[in-house]
Amino acid sequence: MVRFLYYFIPIFFIGTAFAESHDPKETSDYPAHSGKIISDSISTLSQNEQEGSSKSSLYVQFNTSGLFSSLNDWKIQLHLSDGTHPSSNCMVFGAEGGWVMNKYFQIGIGYEFFFTTKVSTIETPGDQVNSTFFYGSLRASTVLESIPELYFFGGMDIGSITATEVIDNYFYSGRNFNRIGTTSAYRLMIGAQYYLIDNWSIMAGTGYLFSKANKVTVDGQTWPNFSLDLSGFTLRFGVNYHFPL
């Protein structure tokens with residue numbers, strides 16, 4: 001459509017100028033005026049096309065998530081006063097920064113902190129799992145032509161998770177210790193991002209985290225038959241600020 005207008009606009013104005021060339025009052029002024037209109041029109045089209053095809057920026061994101069993690073070995077070892085097991089759901093807070101290369105791709109690095117609710121059980125008056133996730137991110141997007149501010153994306157985060165179970169007064173023996181496991185992890189995500197005014201955007205997405213630390217240690221010694229499995233579905237919300245390039 002834009003290419004068609006590049007050809008059509010000059011033809012239109014040249015034809016109009018020729019049709020009105022019989023008016024002696026306008027003959028001397030019209031060609032210059034017509035040329036300015038043509039130049040301004042082409043410049044505007046080029047500018048609009050350029051703005052529509054460029055979304056390059058540096059961004060900073062602050063996000064929060066809910067992670068429905070597995071943590072099977074952690075749950076089954078603990079019993080609440082009613083005989084049930086504690087919830088393994090985690091709250092997640094994080095930050096991410098990176099480069100929006102164009103309206104199709106972006107790359108970034110991020111950090112997130114996970115934690116379960118601290119529980120008091122028959123085995124211990126205090127037990128909680130805390131985790132940190134350092135990752136790199138790659139995202140591919142597509143835009144709706146009818147809503148150019150709205151993007152749909154799919155992406156992958158790859159990194160390393162360290163999970164720590166913090167145990168207080170184990171079996172009321174006065175012993176406090178941590179069980180620690182580190183593993184590689186990756187997360188698949190899909191979602192949507194909406195660009196607001198003044199370089200702000202918001203995003204929402206869902207996905208699945210793959211992360212299971214099979215080797216868990218206490219004071220450098222492996223704890224047998226125990227894992228910290230954070231794998232599970234996640235719901236994520238974030239706010240971004242963009243520094244245009």
Side-chain angles (χ1 to χ4, degrees), residues 2 46-70 89-115 130-164 181-214 228-245:
V2 172
S46 299
Q47 183 178 357
N48 290 340
E49 184 177 27
Q50 183 178 6
E51 289 177 355
S53 63
S54 176
K55 280 282 186 182
S56 183
S57 66
L58 300 178
Y59 73 93
V60 176
Q61 178 189 105
F62 296 96
N63 57 70
T64 183
S65 306
L67 173 63
F68 304 95
S69 60
S70 173
N89 296 338
C90 296
M91 282 296 299
V92 185
F93 295 98
E96 184 178 306
W99 176 28
V100 180
M101 302 167 65
N102 51 45
K103 64 182 180 179
Y104 301 112
F105 296 102
Q106 77 175 47
I107 57 176
I109 56 174
Y111 167 84
E112 292 179 345
F113 177 69
F114 307 179
F115 59 92
N130 302 321
S131 308
T132 57
F133 184 25
F134 292 94
Y135 63 89
S137 177
L138 175 64
R139 181 183 298 176
S141 304
T142 183
V143 62
L144 286 181
E145 292 186 3
S146 58
I147 311 176
E149 297 84 7
L150 180 62
Y151 287 72
F152 292 98
F153 66 83
M156 176 182 287
D157 304 324
I158 302 176
S160 176
I161 284 183
T162 297
T164 303
T182 299
T183 185
S184 57
Y186 65 96
R187 175 173 56 198
L188 302 177
M189 292 287 296
I190 58 172
Q193 184 169 355
Y194 187 79
Y195 280 80
L196 305 171
I197 60 174
D198 297 332
N199 302 323
W200 290 92
S201 69
I202 56 176
M203 63 80 64
T206 185
Y208 194 90
L209 174 71
F210 298 86
S211 171
K212 185 176 183 179
N214 289 308
L228 289 171
D229 186 1
L230 288 162
S231 300
F233 285 97
T234 183
L235 296 174
R236 189 183 194 192
F237 304 91
V239 177
N240 304 274
Y241 186 79
H242 299 264
F243 301 90
L245 295 178

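All figures in this text were calculated on a predicted structure; none of them were measured in a lab. Residues take their numbers from the sequence shown, with the count starting at 1. Quick note: numbers below take in every heavy atom, side chains included, and nothing from hydrogens, waters or symmetry partners.
- In Tyr111, the OH atom is crowded: over 12 heavy atoms of neighbouring residues, nucleotides or ligands sit closer than 6.0 Å.
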Item to check | side-chain contact (heavy atoms from CB on, under 4.5 Å) assessment of Leu144 paired with Phe152 | outcome: CA-CA 8 Å; Leu144 286 181; Phe152 292 98; 3.6 Å; yes
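- In this structure, the side chains of Leu235 and Phe68 come closer than 4.5 Å at one or more pairs of heavy atoms.
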Checklist entry - For Arg236 and Glu112, what are the C-alpha separation, side-chain angles and deciding distance, and is it a side-chain contact (heavy atoms from CB on, under 4.5 Å)? => result CA-CA 12 Å; Arg236 189 183 194 192; Glu112 292 179 345; 3.3 Å; yes
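- Here Phe62 and Tyr241 keep their ring centres 6.0 angstrom or further from each other.
- The number of heavy-atom neighbours closer than 6.0 Å to OH of Tyr186, taken from other residues, nucleotides and ligands shown, is 12 or below.
- In this structure, CE in Met101 is found 12.0 Å from OG in Ser57, a value given to the nearest 0.5 Å.
- When side chains are defined from C-beta on, Leu58 counts as touching Leu245, because their heavy atoms get closer than 4.5 Å.
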Item to check | Working for side-chain contact (heavy atoms from CB on, under 4.5 Å), residues Leu230 and Ile161 | outcome: CA-CA 9 Å; Leu230 288 162; Ile161 284 183; 3.7 Å; yes
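- The local environment of CG in Leu150 is crowded, with over 12 non-hydrogen atoms from other residues, nucleotides or ligands closer than 6.0 Å.
- Remark: His242 NE2 to Tyr195 OH distance equals 4.0 Å, nearest 0.5 Å.
- Between Leu188 and Tyr208 the shortest side-chain heavy-atom distance does not fall below 4.5 Å.
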Next on the checklist: Run Glu96 and Ser137 through side-chain contact (heavy atoms from CB on, under 4.5 Å) and show every step you take.
Outcome noted: CA-CA 9 Å; Glu96 184 178 306; Ser137 177; 4.1 Å; yes
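- Separating the CZ atom in Phe133 from the OG atom in Ser160 is a distance of 8.5 Å, to the nearest 0.5 Å.
- Between Phe243 and Val60 there is a side-chain heavy-atom pair separated by less than 4.5 Å.
- Ser201 and Asn240 share a donor-acceptor pair across their side chains, judged by distance under 3.5 Å alone.
- For the pair Asn63/Met203, no side-chain contact is recorded, criterion being any heavy-atom separation below 4.5 Å from C-beta on.
- Aromatic ring centres of Tyr151 and Phe153: separated by at least 6.0 Å.
- Side-chain contact check for Leu67 versus Leu209: some heavy-atom pair is nearer than 4.5 Å.
- Counting all heavy atoms, side chain and backbone alike, Ser211 lies closest to Ala185 at CB-CB, 3.6 Å.
- The shortest heavy-atom contact between Ala204 and Phe237 is CB-CD2, 3.8 Å.
- We find the CZ-CE distance between Phe210 and Met156 to be 8.5 Å, quoted to the nearest 0.5 Å.
- The distance from the CE atom of Met91 to the OG atom of Ser65 is 8.0 Å, given to the nearest 0.5 Å.
- Nearest heavy atoms, Tyr135 versus Ala95: OH-O, 4.4 Å.
- Here Phe93 and Phe113 keep their ring centres 6.0 angstrom or further from each other.
- Side-chain N or O atoms of Thr206 include one that pairs as donor or acceptor with a backbone N or O of Thr234 at under 3.5 Å.
- Within a 6.0 Å sphere centred on CD1 of Ile190, other residues, nucleotides and ligands contribute 12 heavy atoms or fewer.
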